Structure formats: C-alpha cells, structure tokens
K.L.:
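Pasting in a structure now, in structure tokens, and then I'll have a few things to ask.
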Amino acid sequence: MFNKIMVPVDLSHAARLEKALDCAGRLAREFGAEAVYVGVTAATPGAVARTPEDYAGKLAAFAAEQGKAHGITASGHMMVSHDPATDLDPTLLKAVEETGADLVVMASHVPNMTDYVWPSNGGTIASHAKASVLVVRDR
C-alpha cells in the first residue's frame, strides 16, 4: 500500500515524537516500506549541530536507531533552510517531493488558540502534499 514513509523529525525534541515515531515504524514494518526521517536545519550553528554536515550525521544515526528499533529499512534526509522556524512548511513539502514519499507520518500538538491565527504544520502539509498524510497527536 505504501512504499516510502516520510517522518519529519526535530532532533532537539525527539523525545516528544515518540507516538508518531512508533506509528511510523509500525506502518513501515506492516507495509514493508522504507522510512525516511527528514530533519530541517539552518546553515548556521544551532542547538543540535554546528554545521549541516554534523546535523546530517546525527540525523543518519537517529534514522539507523529507529530502523533497528522497528526492524525496518530507514534513512535520513536533511534539508537546509535559511530560517527553519518560518520556512518549515515549504521545506517539508519540498522534502515530500525529493524523497518520493507516498505517506507522511508527522507529530502534532493538541490544538490551542494560536491555531486560529497560524495554521499548524500538520494541517498545512496535509492540505498541500501530494502524498497521504497521517497527523499523530502527542496525547
């Protein structure tokens, strides 16, 4: 049913993604799909890594860890953005195209008042991606 599952991850908040990561891992195992963990970083030093190359290494290690934990084929796909906080949605939509994903599994927060002003990342990706999107609430 699905061949490639894209899983957006924020390595600085990986612990809060547990439910979505488990869901993606189970789906990948069930369908024999590859999981591609996509991380977005800036070209400048950040909290997770000092360079994009360092970030790519950490993302690859994270993907390998997820692959081993779920018994699936997994890889990392790094995207560089000039400002990941404001440019996240178009960067993730580009990653859907670059990876050839036919399913996106991503974490979301419980909706709150700010969602009436700014759309959620999950909602934007679900509205505009050419792939199916499963948004997993963290609670």
Side-chain angles (χ1 to χ4, degrees):
M1 179 173 243
F2 297 108
N3 297 309
K4 191 170 282 191
I5 300 173
M6 182 179 119
V7 188
V9 295
D10 180 347
L11 293 179
S12 63
H13 299 290
R16 295 195 311 201
L17 304 175
E18 187 173 315
K19 193 172 180 183
L21 294 173
D22 186 52
C23 182
R26 288 176 185 223
L27 287 169
R29 188 173 56 242
E30 176 70 25
F31 295 119
E34 176 187 354
V36 180
Y37 297 89
V38 173
V40 180
T41 189
T44 57
V48 174
R50 295 195 48 74
T51 65
E53 294 77 19
D54 185 30
Y55 186 89
K58 290 180 180 188
L59 183 61
F62 178 84
E65 177 184 298
Q66 290 297 310
K68 184 176 179 182
H70 295 285
I72 59 172
T73 301
S75 62
H77 184 84
M78 178 193 63
M79 301 290 291
V80 177
S81 168
H82 72 281
D83 185 358
T86 61
D87 201 29
L88 185 61
D89 293 339
T91 304
L92 289 177
L93 288 168
K94 184 177 177 185
V96 173
E97 297 295 322
E98 285 185 8
T99 62
D102 51 4
L103 174 65
V104 178
V105 176
M106 61 188 301
S108 181
H109 62 283
V110 175
N112 59 40
M113 290 300 292
T114 60
D115 293 307
Y116 290 103
V117 179
W118 293 285
S120 68
N121 298 115
T124 300
I125 302 305
S127 296
H128 299 287
K130 293 180 181 172
S132 296
V133 178
L134 174 59
V135 180
V136 180
R137 286 209 179 145
D138 61 0
R139 292 183 193 190

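The model shown is predicted, which means the values in this text are computed figures rather than measured ones.
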K.L.:
What's the separation between atom CE in Met106 and atom SG in Cys23, rounded to the nearest 0.5 Å?
P.N.:
13.0 Å

K.L.:
Would a single hydrophobic cluster contain both Val40 and Val36, if residues Ile, Leu, Val, Met, Phe, Trp and Tyr are joined by side-chain heavy-atom contacts under 4.5 Å?
P.N.:
yes

K.L.:
State, to 0.1 Å, how close Thr91 and Asp87 come at their nearest heavy-atom pair, and which atoms those are.
P.N.:
OG1-O, 2.6 Å

K.L.:
I'd like to know whether CD of Glu98 has more than 12 heavy-atom contacts from other residues, nucleotides or ligands below 6.0 angstrom.
P.N.:
yes

K.L.:
Using 0.5 Å steps for rounding, measure from the NE2 atom of His77 to the CG atom of Leu59.
P.N.:
9.5 Å

K.L.:
Taking all atoms of both residues into account, what is the closest heavy-atom pair of Ala129 and Val133, and its distance?
P.N.:
CB-CG2, 4.1 Å

K.L.:
Using a 4.5 Å cut-off on heavy atoms from C-beta on, say whether the side chain of Leu92 contacts that of Val104.
P.N.:
no

K.L.:
Mind checking whether Phe62 and Leu11 have side chains closer than 4.5 Å, heavy atoms only?
P.N.:
yes

K.L.:
With hydrophobic residues grouped by side-chain heavy-atom distances under 4.5 Å, do Met78 and Val7 end up in a single group?
P.N.:
yes

K.L.:
Taking atom CZ of Arg29 as the centre, does the number of heavy atoms from other residues, nucleotides or ligands within less than 6.0 Å exceed 12?
P.N.:
yes

K.L.:
Whether the side chain of Asp102 engages the backbone of Asn3 through a donor-acceptor N/O pair (distance < 3.5 Å, no angle test) should be reported.
P.N.:
yes

K.L.:
With a 4.5 Å heavy-atom cut-off, do Val9 and Leu21 have their side chains touching?
P.N.:
yes

K.L.:
Could you report the tightest heavy-atom contact between Ser81 and Pro84, atom names first, then the distance?
P.N.:
OG-N, 3.5 Å

K.L.:
For Lys94, is the NZ atom crowded, meaning more than 12 foreign heavy atoms sit under 6.0 Å from it?
P.N.:
no

K.L.:
Lys130 versus Leu93: any side-chain heavy-atom pair under 4.5 Å?
P.N.:
no

K.L.:
For a quick test of reading the model, state the closest non-hydrogen atom pair linking Val96 to Ala131 and the distance between them.
P.N.:
CG1-CB, 4.0 Å

K.L.:
Which pair of non-hydrogen atoms, one from Glu34 and one from Ser75, has the smallest distance, and what is that distance?
P.N.:
OE2-OG, 2.9 Å

K.L.:
In this structure, which one of Leu27, Thr99, Leu134 forms a side chain to side chain contact (heavy atoms under 4.5 Å, CB included) with Ile5?
P.N.:
Leu27

K.L.:
Decide whether Val136 and Leu103 are clustered together by the hydrophobic rule: side chain heavy atoms of Ile, Leu, Val, Met, Phe, Trp, Tyr closer than 4.5 Å, transitively.
P.N.:
yes

K.L.:
Is there a side-chain contact between Val48 and Thr41 (heavy atoms, below 4.5 Å)?
P.N.:
no

K.L.:
Starting from Val105, can I reach Leu88 by hopping between I/L/V/M/F/W/Y residues whose side chains sit under 4.5 Å apart?
P.N.:
no

K.L.:
Any idea which heavy atoms bring Val135 and Ser108 closest together, and the distance?
P.N.:
CG1-CB, 3.2 Å

K.L.:
Heavy-atom distance under 4.5 Å between the side chains of Met6 and Lys4, does that happen here?
P.N.:
no

K.L.:
Between Val80 and Tyr55, is there a side-chain heavy-atom distance shorter than 4.5 Å?
P.N.:
no

